[in-house]
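Written out below as structure tokens is the structure these notes cover.
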Amino acid sequence: MKTQLFDNTTTRNLLQFCYTCTDAHECTTEEACRECWAANNLLEEDDEAGETRELLMEYYA
């Protein structure tokens, strides 16, 4: 089951990395996009953003 955080990250990555990519037409699935991002070292774990998001959700709840 996908979480909202995962969906937001995937959407952000699609806009950030795929929109300007000349080979974007070759990625026909989300999995292919993730493999491409990993192969090009575009995926970074942003712990601070995740912690901030979790903290804000705690404040909201």
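Residues: numbered from 1 along the sequence shown.
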Next item on the list: Identify, with sequence neighbours excluded, every residue that meets side-chain contact (heavy atoms from CB on, under 4.5 Å) alongside C33.
Entry: L14, C18, C27, W37
Notebook entry, point to check: Can you name the side-chain contact (heavy atoms from CB on, under 4.5 Å) partners of Y59, sequence neighbours left out?
Noted result: L55, L56
Next item on the list: Sequence neighbours left out, what passes side-chain contact (heavy atoms from CB on, under 4.5 Å) with L15? Give chain and number order.
Entry: T11
Note to self: Holding to salt bridge (Lys or Arg N to Asp or Glu O under 4.0 Å), I want the full list of residues that pass it with E31, two or more places apart in sequence or in another chain.
What the structure shows: R34
